[in-house]
Amino acid sequence: MATHSLQDMRQQASVAAKVFIQRDYTNGTVCHFQTKFPSELESRINKQQFEETVRTLNNLYAEAEKLGSQSYIEGCLACLTAYIIFLCMETHYEKVLKKIAKYIQEQNEKIYAPQGLLLTDPIERGLRVIEVTIFEERSLTR
Amino acid sequence: MKNCEYQQIDPQALPPATPNPPPPPRGPHGDRGEEPTAPRRKWQVFPGKNRFYCDGRIIVARQSGVLPLTLGLIIVTCGLFFIFDCPFLVKHLTSCIPVIGGLLFVFVVITLLQTSLTDPGILPRATPDEAADIEKQIDNTGNASYRPPPRTKEVLINQQVVKLKYCFTCKMFRPPRTSHCSLCDNCVERFDHHCPWVGNCVGKRNYRFFYTFIVSLSFLTAFIFGCVTTHLALRAQGGKGLMFALQESPGSAVELVVCFFSVWSILGLSGFHTYLVSSNLTTNEDIKGSWSGKSGEDVSNPYSHKNIFVNCCSVLCGPMPPSLIDRRGFLPADESVQTAAVDTELPTLATKSVCTQGTKGLLESATIPPLLSASCPQGKPHSARSCPDKGPAVNPDPELPTSCGRRPAAGSPPARHAKARAKKSKRAAQRVPNPSLDGPVSPASPDAGPGSQAGGHVGATFASLH
């Protein structure tokens with residue numbers, strides 16, 4: 001998922017720290033991350049910007065898990081075909097996950113990499129955390 | 001001893017822990033692991049007790065339980081039905097009968113295979129960095145004495161207080177409704193139970209397959225039972241008698257026995273799970289009485305949508321969550337370098353961590369059988385949840401999540417079952433007087449992961465003696 005510049009950063013820069021944004025279970029088991037701004041990122045990124053990123057991610061996950069007519073139709077159709085269609089076609093959730101991956105890559109390229117940060121797609125961490133890697137400033141060539 | 005907290009993810013521990021070593025004993029693509037430089041897929045280093053086939057496409061629990069028996073019973077009974085009963089019924093009644101039977105049979109087998117071969121919603125274990133971060137948070141809030149702080153976290157879910165427990169094996173706080181299955185050694189989301197009849201855990205991702213399986217199996221058994229009865233009744237007409245009919249069609253006798261004993265338990269099971277689905281409960285929660293308000297407090301299920309129809313839809317027709325373990329993904333090229341680096345870093349990272357894993361591992365292996373057997377629920381009686389005592393019933397048993405899984409009961413007859421239950425209740429009584437060791441884990445909780453939790457806590461007391 002990393003572009004050439006992100007790859008350079010990963011290879012050349014050394015990791016100073018990692019911050020983990022945990023899940024927020026106030027609304028149940030839906031995938032929702034805490035929007036609280038971690039103190040370690042204060043020097044690197046704008047609080048508004050970060051919270052905006054997390055909020056967008058939360059909205060995307062909510063869209064993926066939304067119980068609406070589309071998901072019901074998909075579910076009923078799948079049941080009638082003994083769930084074989086899950087093997088053939090991409091589910092709504094998977095489509096949204098691709099959107100999320102693209103969004104994270106965009107955010108990394110535009111906003112976070114220039115500041116020496118890297119967001120890891122939560123799906124790579126089992127949807128448990130958003131991992132923010134903080135790279136040491138001096139190693140960056142930007 | 002300092003780095004034994006991370007023994008689970010220690011590079012030396014990894015290869016023996018994986019059920020699938022890179023050399024190619026299974027799967028057609030096994031040669032991938034032979035060359036040292038060939039990229040490895042994540043399933044090859046998966047730490048849980050699972051087996052993978054078709055290069056990671058198919059996942060099963062290591063203990064397949066009685067899945068072959070389940071499959072065998074279904075296939076044999078249906079085979080006998082098509083051979084012995086269908087010709088007669090087609091001639092005397094209608095040719096729809098084999099069609100309906102065939103459709104139901106196909107449906108049942110497909111849903112059974114999907115339940116068994118699908119990832120139930122396994123949560124991947126925490127990475128070393130995550131685990132270190134959580135440890136740091138715990139140690140910051142806890143005290144500095146030898147005894148580790150209780151590893152629970154309380155969250156408010158829809159105005160209901162829910163305790164999240166720390167999983168010592170997976171090194172993370174379990175999300176709500178997640179439980180650690182000791183048989184599979186994985187945390188499973190929305191854990192229902194470990195079903196030996198399908199040889200897999202039933203969790204978030206395969207619950208709908210499981211429910212469809214038991215409902216269609218109820219229809220199939222009832223259908224075959226009805227057809228066989230009709231067949232024998234027709235044959236016995238004209239004063240010929242039942243014995244004559246049975247002699248003419250011996251297969252029908254076998255079917256009759258199997259179906260008669262299975263139909264009640266399977267119908268009961270379907271009814272029970274329909275109740276669970278309509279109230280958005282899991283078997284695990286129902287057995288533990290998490291939301292029944294047994295302690296007198298005003299508790300209600302925070303996950304329920306308070307509407308039966310919406311509950312059913314959300315459980316059965318909701319969006320299909322993806323598998324989180326990414327079995328077929330490739331390991332990063334620097335993974336081996338990383339794990340070596342982690343090894344050298346461990347002494348510094350694990351300074352304040354209580355050493356539980358090493359002792360825990362030993363304790364777990366020693367204590368798993370009694371602890372798990374003791375988890376036979378002593379909860380409220382429910383006719384539908386009675387253990388299958390219908391002989392060779394094709395019947396997943398929900399109420400004994402771990403204990404049934406531990407017993408390789410093949411069509412447990414009633415006597416054996418009663419004895420096993422007596423043994424379990426004795427062990428449950430033995431387990432009860434250890435509340436101090438269990439800490440946040442309720443002593444009599446038939447949690448699917450008592451082994452890891454209690455083992456972890458028992459290990460902690462051992463650690464305090466170091």
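Chain letters run A, B, ... following the sequence lines, proteins first and then strands; every chain starts at 1. Side chains are part of it too, since the values below use all heavy atoms of this structure and drop only hydrogens, waters and symmetry mates. Predicted model, so just to flag it, every value in this text is computed and none were measured.
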Taking every non-hydrogen atom, the tightest pair across [X] and [Y]:
{"X": "A:R128", "Y": "B:R125", "result": "NH2-O, 3.4 Å"}
{"X": "B:P322", "Y": "A:I123", "result": "CG-CD1, 4.2 Å"}
{"X": "B:R208", "Y": "A:F86", "result": "NH1-CZ, 4.2 Å"}
{"X": "B:T212", "Y": "A:C79", "result": "CG2-SG, 4.3 Å"}
{"X": "B:N158", "Y": "A:N27", "result": "OD1-CA, 4.0 Å"}
{"X": "A:A82", "Y": "B:Q114", "result": "O-OE1, 3.1 Å"}

Can you tell me which portion of [X] sits under 4.5 Å from chain B's heavy atoms? Options are side chain, backbone, both or neither.
{"X": "A:L77", "value": "neither"}
{"X": "A:T91", "value": "side chain"}
{"X": "A:A64", "value": "backbone"}

Would the number of heavy atoms belonging to other residues, nucleotides or ligands and lying under 6.0 Å from [atom1] of [X] be above 12?
{"X": "A:K47", "atom1": "NZ", "answer": "no"}
{"X": "A:K66", "atom1": "NZ", "answer": "no"}
{"X": "A:K98", "atom1": "NZ", "answer": "no"}

Mind checking the [atom1]-[atom2] spacing from [X] to [Y]? Nearest 0.5 Å is all I need.
{"X": "A:L127", "Y": "B:L123", "atom1": "CG", "atom2": "CG", "answer": "8.5 Å"}
{"X": "B:T111", "Y": "A:Y83", "atom1": "OG1", "atom2": "OH", "answer": "8.5 Å"}
{"X": "B:T118", "Y": "A:L87", "atom1": "OG1", "atom2": "CG", "answer": "8.0 Å"}
{"X": "B:E130", "Y": "A:Q22", "atom1": "CD", "atom2": "CD", "answer": "7.0 Å"}
{"X": "B:F107", "Y": "A:I84", "atom1": "CZ", "atom2": "CD1", "answer": "9.5 Å"}
{"X": "B:Q159", "Y": "A:T26", "atom1": "CD", "atom2": "OG1", "answer": "10.0 Å"}

Less than 4.5 Å apart, side chain to side chain, heavy atoms only: is that true for [X] and [Y]?
{"X": "B:T127", "Y": "A:R125", "answer": "yes"}
{"X": "B:H305", "Y": "A:L67", "answer": "yes"}
{"X": "B:D129", "Y": "A:F20", "answer": "yes"}
{"X": "A:Y25", "Y": "B:V162", "answer": "no"}

Proximity breakdown for [X] and chain A, heavy-atom pairs closer than 4.5 Å:
{"X": "B:P302", "value": "neither"}
{"X": "B:I122", "value": "neither"}
{"X": "B:Y303", "value": "side chain"}
{"X": "B:R190", "value": "neither"}

